[in-house]
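Numbers restart at 1 for each chain; the letters A, B, ... are given by sequence-line order, proteins then strands.
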Number of protein chains: 2
Amino acid sequence: MANEQLQEAIDALKSTKVRMTPQRHAILEYLYNSMSHPTADEIYKALEGKFPNMSVATVYNNLRVFKDVGIVKELTYGDSSSRFDCVTTEHYHVICSDCGKIVDFHYPGLNEVETLAEHVTGFKVDNHRMEVYGTCPDCSQQTQH
Amino acid sequence: MANEQLQEAIDALKSTKVRMTPQRHAILEYLYNSMSHPTADEIYKALEGKFPNMSVATVYNNLRVFKDVGIVKELTYGDSSSRFDCVTTEHYHVICSDCGKIVDFHYPGLNEVETLAEHVTGFKVDNHRMEVYGTCPDCSQQTQH
DNA sequence: TCTTACATTGTAATTCTTATAAATTATTTT
DNA sequence: AAAATAATTTATAAGAATTACAATGTAAGA
């Protein structure tokens, strides 16, 4: 279950000046339990039942708070809106260029890349982002015939 | 000089149904000569002198055309607008989290990652994207004292 | 309890990007 | 070379995603 990780995230927030609110809890819960990488709007819609009065602004505000604390990552792609992913174990994404499906896969951290970049550019590097693009099995099949 | 590469790009366009226009030439020229990674608006502003009547839509349209032909890449980051980079040799970017500065660095292609992703997910992989984030020398100095 | 600081809500505003239609320019056909 | 066709540009409007703002609400500390 993702519940331990959710708890860790909540604890991480407690140690800052960030207060825990029902809305925040719900957003975090949704993020940690959903295996997908939802957009702000998807989160908003998903929580409409529980919080009929919640504002979209709240979702955006809190996602930013979580991002600043470092427990959530924003994924931006060319088109459409940003997607949000909770930072758990180190993993990367494969994205289908046709349908947009996102699948996780694990790969040992690319520390060498960070080190090289530091040396070559003089930057103080602290993280990186990588995505792999291709066609998912479903879309591959459809274009076959 | 980047002029040979610019010429190659123009030749690449000629082999398609894409027509060469003064605006397109200017946009390409700007992209290939600027060492930065300009936004659509930056390009627009930069060419205002030469083409006082050019529309922002033209810039966007043509960047998309170039993207489709494969001679330009779109870089999307969390905030602000997309940046555009001409596809020359394989390289990656280090981005300053403070000021947004982008610096290129070379790194041998990460083919193993693509291969692994293919095996694990069943996708047909054809490319990847990677960026390294950190603080640039200038910004590092400023926060020191 | 009172005060202060942080959060939420609703809405308006902003920003980036795309769609559309008319006018213009480039290519192809005759 | 002129006419016909196709692609392009322009200007503007529309759209979508995100943020700003002011008012209200809620939690924590003195």
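Along DNA chain D, the nucleotide nearest Met20(B) and the nucleotide nearest Ser55(B) are compared for position; the residue whose nucleotide lies closer to the 5' end is Met20(B). Place Met54(B) and Pro22(A) on DNA chain D by their nearest nucleotides, and Met54(B) ends up nearer the 5' end. Heavy-atom distances to DNA chain C give each of Ala40(B) and Lys17(A) a nearest nucleotide, and the one nearer the 5′ end belongs to Lys17(A).
Salt bridge Glu29(B)/Lys50(B): present, at least one basic N to carboxylate O contact under 4.0 Å. With respect to the salt-bridge test (charged N to carboxylate O, under 4.0 angstrom), the residues Asp41(B) and Lys45(B) qualify.
Taking only side-chain nitrogens and oxygens, Thr58(B) comes nearer than 4.0 Å to OP1 or OP2 of dT10(D). Note on Gln23(B): every side-chain N or O is 4.0 Å or more away from OP1 and OP2 of dT25(C). In terms of phosphate contacts, Thr21(A) brings no side-chain nitrogen or oxygen within less than 4.0 Å of OP1 or OP2 of dA27(D). At the phosphate of dT18(D), OP1 or OP2 sits under 4.0 Å from a side-chain N or O atom of Ser82(A).
Glu74(B) and Ser82(B) are linked by a side-chain donor-acceptor pair at a separation below 3.5 angstrom, with hydrogens and angles left out of the test. With hydrogens and angles left out, the side-chain atoms of Tyr30(A) and Glu42(A) include no donor and acceptor closer than 3.5 Å.
Comparing dT10(D), dT8(D), dC16(C) by their closest approach to the side chain of Arg24(B) singles out dT8(D). Nearest nucleotide to the side chain of Tyr60(A), out of dT19(D), dT10(D), dT17(C): dT19(D). Nearest nucleotide to the side chain of Asn61(B), out of dT11(C), dT18(D), dT9(D): dT9(D). When distances are taken from the side chain of Arg64(B) to each of dC16(C), dT18(D), dA19(C), the shortest belongs to dA19(C).
Arg83(B) has its CZ atom 13 Å from the C1' atom of dC16(C), to the nearest Å. Between the NZ atom of Lys67(B) and the P atom of dT17(C) there is a distance of 10 Å, given to the nearest Å. One atom, CD of Glu42(A), and another, P of dA17(D), lie 11 Å apart when rounded to the nearest Å. When the C1' atom of dA17(D) is taken as reference, atom NZ of Lys45(A) falls 12 Å away, rounded to whole Å. In this entry the distance linking OH of Tyr44(A) with P of dA16(D) reads 16 Å, nearest Å. Summarising the geometry, the separation between CD on Glu48(A) and P on dT9(C) is reported as 12 Å, rounded to the nearest angstrom. Atom CG in Leu28(A) sits roughly 13 Å away from atom P in dA7(C) (whole-Å rounding). Atom NZ in Lys14(A) sits roughly 14 Å away from atom P in dA27(D) (whole-Å rounding).
Taking the six-membered ring where the residue is Trp, the centroids of Tyr92(A) and His128(A) are separated by under 6.0 Å.
Put simply, the side chain of Glu118(A) does not reach to within 4.5 Å of the side chain of Val132(B), judged on heavy atoms.
Asp41(A) comes within 4.0 angstrom of no nucleic acid atom, judged by non-hydrogen atoms across all strands. Among the protein residues, Val56(B) comes within range of no part of the nucleic acid, since none of its heavy atoms lies under 4.0 Å from any strand.
Interface remark: the Arg19(A) side chain does not form any donor-acceptor pair with the dA28(D) base, using a distance-only criterion of under 3.5 Å.
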